[in-house]
Student: 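Here it is, the structure in full.
Predicted, not measured: the structure shown is a model, and the values here were computed from it. Here is how names work: the chains are called A, B, and so on, in the same order as the sequence lines, proteins then strands, and each is numbered from 1.
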Number of protein chains: 2
Amino acid sequence: MTARSTTDTTRDIPEATVARLPVYLRALISLADRNIAVCSSEELAAAAGVNSAKLRKDLSYLGSYGTRGVGYDVDYLRYQIAREIGGTQEWPVVIVGIGNLGHALASFSGFRSRGFRIVALLDADASLHGKEVAGIAVRPFDELAAIVAEQQVAIGVISVPAPAAQDVADAMVQAGVSSILNFAPVVLSVPPGVDVRKVDLSIELQILAYHESRKAHTEAADLDGMPSGRVNSVSGAAAPEVSA
Amino acid sequence: MTARSTTDTTRDIPEATVARLPVYLRALISLADRNIAVCSSEELAAAAGVNSAKLRKDLSYLGSYGTRGVGYDVDYLRYQIAREIGGTQEWPVVIVGIGNLGHALASFSGFRSRGFRIVALLDADASLHGKEVAGIAVRPFDELAAIVAEQQVAIGVISVPAPAAQDVADAMVQAGVSSILNFAPVVLSVPPGVDVRKVDLSIELQILAYHESRKAHTEAADLDGMPSGRVNSVSGAAAPEVSA
DNA sequence: TAGATTGTTAATCGATTAACAATC
DNA sequence: TAGATTGTTAATCGATTAACAATC
């Protein structure tokens, strides 16, 4: 019955909290860049676009890293969060599908700076092989298994057209990848133990359109100038996981 | 106190449900393409990667569009969902920031096929002006206000580097855009009434890495081959909205 | 000590799920 | 009528929030 490892230091952190930790980390980095050494939960929450109660609750799952009456040491908290979310190690990543989107992903500097190293770009299209994208040569899709084994790749990114996505996922799983970020607009089937997160660009727009179409109705009623302060907005993609 | 319009036919649909409606719509289109005229909640749920109880609950917010003992008429349900999420009209969209990502977004065929028409590509970089991307000429960022007004643009996409994102958001809001899809890794401030959704590529990978780092511990315990069926995975980005 | 701010509790809210009565 | 499947209810679960005791 697959007993849990006994080394269970891992307090389990709620999914919603896990999804916000990278946001807090980014906010802390931004504060550190501005030479701010200490911050209150109120300040950090503002920088992260959440309310302070939620922030404190989230941080409480990690431990007690603040000082009552004072606040949080920016560098210390930053280190603790980075450690918690595995940001202190480097993760090798493969990208499969080097079309427009794959090209953009390969060129995206944010991955590297957050501990992800793109070790290979793969595409089934032979006309792309050998071409360099962001300084990395595109290689044949067939080499996936060898690359994953050799470089210990745990995370794969799928940016192929929808009809090819399931086959790519199957090959990734077969090769030993156990976390997949999927940009193809399809529901992937994967065995238990494999995590899939999906980024679906049209769906994001469709959700906006839904709310937009509802706004039209009440627009007239809002014309009497109501106070219009600014609100920090975060709507990170907090997606449910898959497969135990 | 901004009274609600009296034309309140809108049963209010939970956010989590709204985020899944586009997934159901896509599943129905796929069924229709395979000439399937009727489906049960069980079948549709499988195609959408959710369980059938959730699907039925979600659909119940729209109305009673099924037939007990029979199932759902694919075309009819498809139409009803499309109507509900505003997919029967066309939404003009502007994209600001035509770097690698903006280029990929402009070329993405999924937008057009889901009722979004890209009416303009804007960039502050003069060297891009006049260049065509996906058949659309890149224009100066300055023209934003004129374009939004002229084409009645409600939805804007931000794919500029992080430091420029807030300025772009401000200009969009000023011009009359009230829904923003933000790809820049920053927390945007917008006035109430403006919706922001955020797609944050590094954060998606960081969430995967978090779970991945926890998997390592229990790996050994899982070696005794447990049943490993397949599981449909959906982890759409179900993001909380912003600003009332 | 007085003031500030954390970490935690408890209440509330929203989402998920199983079960089943309604009904084709 | 018997079998199938929806739409809804009620229980459960997880996330958010306000409030405040603990404590620097």
Side-chain angles (χ1 to χ4, degrees), chain A residues 11-21 23-24 28 36-74 76-77 80-81 207 231-232 234-242 244, chain B residues 11-21 23-24 28 36-74 76-77 80-81 207 231-232 234-242 244:
Chain A
R11 288 158 290 267
D12 62 314
I13 299 179
E15 258 318 294
T17 298
V18 170
R20 283 187 295 263
L21 290 178
V23 180
Y24 301 153
L28 285 164
I36 296 169
V38 172
C39 68
S40 67
S41 62
E42 201 66 58
E43 291 163 327
L44 182 53
V50 302
N51 70 49
S52 64
K54 190 186 281 181
L55 172 83
R56 288 197 303 276
K57 180 96 220 205
D58 284 340
L59 294 183
S60 76
Y61 293 111
L62 310 190
S64 287
Y65 297 135
T67 307
R68 291 171 200 235
V70 178
Y72 302 92
D73 181 285
V74 172
Y76 181 60
L77 184 58
Q80 291 299 342
I81 295 179
I207 294 169
V231 171
N232 263 7
V234 186
S235 70
E241 293 314 282
V242 187
Chain B
R11 285 158 291 267
D12 63 312
I13 298 180
E15 258 318 292
T17 298
V18 169
R20 283 188 295 265
L21 291 178
V23 179
Y24 301 153
L28 286 165
I36 296 170
V38 173
C39 69
S40 67
S41 63
E42 201 67 57
E43 292 163 327
L44 182 54
V50 301
N51 70 49
S52 65
K54 190 186 280 179
L55 173 82
R56 289 198 300 277
K57 181 96 220 209
D58 283 341
L59 294 184
S60 76
Y61 293 110
L62 309 191
S64 288
Y65 298 134
T67 307
R68 291 170 199 236
V70 178
Y72 301 91
D73 182 284
V74 171
Y76 181 59
L77 184 57
Q80 292 298 342
I81 294 179
I207 294 169
V231 171
N232 264 9
V234 185
S235 71
E241 293 314 282
V242 186

Student: Which heavy atom of B/Tyr72 sits nearest a heavy atom of B/Ser40, and at what distance?
Tutor: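 Closest approach of B/Tyr72 to B/Ser40: CD1-C, 4.3 Å.
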
Student: Closest approach of B/Ala45 and B/Asn51, non-hydrogen atoms and distance?
Tutor: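 Closest pair (atom of B/Ala45, atom of B/Asn51, distance): CB-C, 3.8 Å.
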
Student: Taking all non-hydrogen atoms of both residues, which atom of A/Cys39 and which atom of A/Leu44 are closest, and how far apart?
Tutor: SG-CB, 3.9 Å

Student: Please pick, from C/dA15, C/dT6, D/dA15, the nucleotide with the shortest atom-to-atom distance to any side-chain atom of A/Ser41.
Tutor: C/dT6

Student: Can you give one letter per nucleotide of nucleotides 17-24 of chain D, going 5' to 3': B for a protein heavy atom under 4.0 Å from the base, S for sugar-phosphate only, - for none?
Tutor: BBB-BBBB

Student: Starting at CZ of A/Arg20, measure out to CD1 of A/Ile13 and round the result to the nearest 0.5 Å.
Tutor: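 A/Arg20 atom CZ to A/Ile13 atom CD1 measures 11.5 Å (nearest 0.5 Å).
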
Student: Side chain of A/Glu15: nearest nucleotide among D/dT8, D/dT16, D/dA15?
Tutor: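 Nearest to the side chain of A/Glu15 among the choices is D/dA15.
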
Student: Between A/Tyr61 and A/Pro14, which heavy-atom pair has the shortest distance, and what is it?
Tutor: CZ-CG, 3.6 Å

Student: Separation of A/Asp58 atom CG from D/dA15 atom C1', in whole Å?
Tutor: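 In whole Å, D/dA15 C1' lies 10 Å from A/Asp58 CG.
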
Student: Quickly work out the A/Asp73 CG to C/dT5 P distance and round it to whole Å.
Tutor: 16 Å

Student: Please state how far atom CG in B/Leu55 lies from atom P in D/dT5, giving the value in whole angstrom units.
Tutor: 14 Å

Student: How many Å lie between CG on A/Leu44 and P on C/dG7, as a whole number?
Tutor: 12 Å

Student: Would you say the side chain of B/Leu77 lies within less than 4.5 Å of the side chain of B/Tyr24, judging by non-hydrogen atoms?
Tutor: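 When only atoms from C-beta onward are counted, B/Leu77 and B/Tyr24 do not touch, as no gap falls below 4.5 Å.
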
Student: Tell me: OH of B/Tyr72 to P of D/dA4, nearest whole Å?
Tutor: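 My rounded result for the distance is 18 Å.
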
Student: Which atoms form the tightest heavy-atom contact between B/Ser41 and B/Leu55, and what is the distance?
Tutor: O-CD2, 3.2 Å

Student: Whole angstrom is fine here: how far is it from CD1 in B/Ile13 over to P in C/dA15?
Tutor: 12 Å

Student: Can you tell me how far P of D/dT6 sits from OH of B/Tyr76, to the nearest Å?
Tutor: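 In whole Å, D/dT6 P lies 15 Å from B/Tyr76 OH.
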
Student: In which ranges does DNA chain C form stems of 3 or more consecutive Watson-Crick or G-U pairs, distances under 3.5 Å?
Tutor: C:3-24 with D:3-24

Student: Do A/Leu21 and A/Leu62 come close enough that some side-chain heavy atom pair is under 4.5 Å?
Tutor: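 Yes, side chains in contact.
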
Student: Give the rounded distance in Å between these two atoms: OH of A/Tyr61 and P of C/dT6.
Tutor: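 So the OH-P distance, A/Tyr61 to C/dT6, works out to 17 Å.
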
Student: Taking all non-hydrogen atoms of both residues, which atom of B/Glu43 and which atom of B/Val38 are closest, and how far apart?
Tutor: OE1-O, 4.4 Å

Student: Both A/Thr17 and B/Cys39 contact DNA chain D. Which one's nearest nucleotide lies toward the 5' end?
Tutor: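 On the 5' side of the pair lies B/Cys39.
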
